[in-house]
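Please read the structure below before turning to the comments.
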Amino acid sequence: MVNIILFGPPGSGKGTQSDKIVEKYGLVHLSTGNLLRQEIAAKTPLGLEAKNFMDKGQLVPDEVVIGMIDSCLEKHAASKGFLFDGFPRTGAQAQALDKLLSLKKTGISRVLALEVSEEELVKRLLKRGETSDRSDDTNESIIRNRYNVYKKETEPVASYYAEADKLERIKGEGSVDDIFEALSASLEGEIDDATNDRN
Ligand code: AP5
Ligand code: MG
């Protein structure tokens, strides 16, 4: 298995680049944000609880997201590997992920961290907020709160992976295709692309 984490602040392009990476490399895309929004749309108890946090730009409690990841890993046990997007976001989540993967005799291969300035992030998310139905994109103070939560609770997780020599920082500004090229170059040698797989 090859397991990759796409790391970065809100609006850095994790979702955009994940779609391209999973298509190229045949990985299963696990976005905790998308999974939580599906729970909200289905009006499950988990979704209703999560919505209170997400609407304010706060993190959903660790045990909720770790539980979701656990069941997704089980569901896709036969996959070639996973691309984690928006997870882990706290030290406790990073440790739980290591434990879950080691039970499956696997681990994290690489952490790619997208770097984008705060002003560019706010600009992107306000723009998306004009048309999307994401409640956390609608006003600047919620967007800035998401960024502040990222700085305080999530950014320190990068050093956990840097210590394990797994972290690579990639410039997340510029064209989507150029950023994808830089991400792909970093994954070169780490993982065969899905087209090779079919040969
Ligand atoms: P989540 O859904 O993960 O959102 P996020 O991290 O805030 O980030 P986004 O999804 O908004 O941005 P992105 O980095 O995916 O960028 P995107 O490609 O969309 O989390 C939402 C909430 O759920 C959290 O606040 C929390 O409450 C909860 N949650 C989720 N995971 C959790 C966890 N593990 N623990 C606890 N709570 C959790 O791009 C953004 C915009 O920019 C788009 O409009 C896109 O078109 C545009 N764009 C992309 N690339 C470029 C580019 N190169 N140039 C210009 N524009 C670009
Ligand atoms: Mg996203």
Side-chain angles (χ1 to χ4, degrees), residues 5-23 29-41 46-73 82-97 100 111-158 160 170-183:
I5 295 173
L6 196 52
F7 196 84
S12 55
K14 301 185 295 293
T16 305
Q17 297 295 337
S18 289
D19 288 343
K20 295 170 81 72
I21 294 172
V22 298
E23 189 189 347
H29 181 195
L30 284 190
S31 156
T32 39
N34 290 350
L35 292 168
L36 290 165
R37 282 184 288 277
Q38 283 166 18
E39 297 281 341
I40 292 173
L46 189 157
L48 294 175
E49 188 200 347
K51 190 175 186 324
N52 292 324
F53 296 95
M54 293 169 76
D55 283 352
K56 296 182 205 132
Q58 292 169 354
L59 294 184
V60 171
D62 285 336
E63 58 275 17
V64 174
V65 284
I66 292 166
M68 276 187 346
I69 288 289
D70 190 9
S71 52
C72 282
L73 295 181
F82 294 92
L83 177 68
F84 297 96
D85 157 7
F87 180 91
R89 266 173 144 102
T90 63
Q93 291 179 23
Q95 284 169 15
L97 180 60
L100 289 172
V111 180
L112 303 172
L114 291 170
E115 296 195 307
V116 178
S117 74
E118 180 177 1
E119 288 324 300
E120 169 72 9
L121 298 169
V122 172
K123 203 171 86 187
R124 287 183 189 178
L125 295 178
L126 280 174
K127 184 160 175 248
R128 185 175 62 187
E130 291 169 9
T131 50
S132 85
D133 54 4
R134 275 187 58 166
S135 56
D136 56 351
D137 280 348
T138 49
N139 86 54
E140 185 168 338
S141 69
I142 298 173
I143 292 172
R144 297 236 181 233
N145 189 42
R146 284 159 67 193
Y147 182 76
N148 292 337
V149 168
Y150 170 81
K151 289 300 270 186
K152 188 161 166 261
E153 301 189 47
T154 304
E155 199 178 58
V157 178
Y160 177 77
I170 307 269
K171 186 168 164 251
E173 294 187 40
S175 80
V176 168
D177 286 344
D178 286 349
I179 297 164
F180 179 58
E181 223 169 88
L183 292 167

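Both counts, for ligands and for their atoms, begin at 1 and track the order of listing. The model shown is predicted, which means the values in this text are computed figures rather than measured ones.
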inquiry  = I'd like to check which ligand 1 atoms, numbered from 1 as shown, lie under 4.0 Å from a non-hydrogen atom of G15.
reply    = 13 (P), 15 (O), 18 (O)

message = Give the atom numbers and elements of ligand 1 that come within less than 4.0 Å of a heavy atom of Q58.
response = 26 (C), 27 (O)

remark   = Counting heavy atoms under 4.0 Å, the part of D137 that contacts ligand 1 is neither

key: Given D85, D177, D178, the one that forms salt bridge (charged side-chain N to carboxylate O under 4.0 Å, His left out) with K20   = D177

note = Here the atoms of ligand 1 under 4.0 Å from any heavy atom belonging to I179 are 53 (N)

remark   = Among R128, R146, R89, the residue with a heavy atom nearest to atom 24 (C) of ligand 1 is R89

query = For atom CD of E120, is the number of surrounding heavy atoms from other residues, nucleotides or ligands below 6.0 Å larger than 12?
reply = yes

Atom 23 (O) of ligand 1: the protein heavy-atom neighbour that sits closest, reported with distance to 0.1 Å = M54 CE, 3.3 Å

request  = Determine whether the side chain, the backbone, both or neither of S31 has a heavy atom under 4.0 Å from any heavy atom of ligand 1.
outcome  = neither

ask   = Quick one: which ligand 1 atoms are inside 4.0 Å of a heavy atom on Q93?
value = 33 (C), 34 (N), 35 (N), 36 (C)

Distance filter under 4.0 Å to L125 heavy atoms, resulting ligand 1 atoms = 11 (O)

request  = Drop me the distance from F82's CZ to H29's NE2, to the nearest 0.5 angstrom.
outcome  = 12.5 Å

ask   = Considering only heavy atoms of R37, which atoms of ligand 1 have at least one such atom less than 4.0 Å away?
value = 2 (O), 21 (C)

inquiry  = Show me which atoms of ligand 1 lie under 4.0 Å from any heavy atom of G174.
reply    = 52 (C), 53 (N), 54 (N)

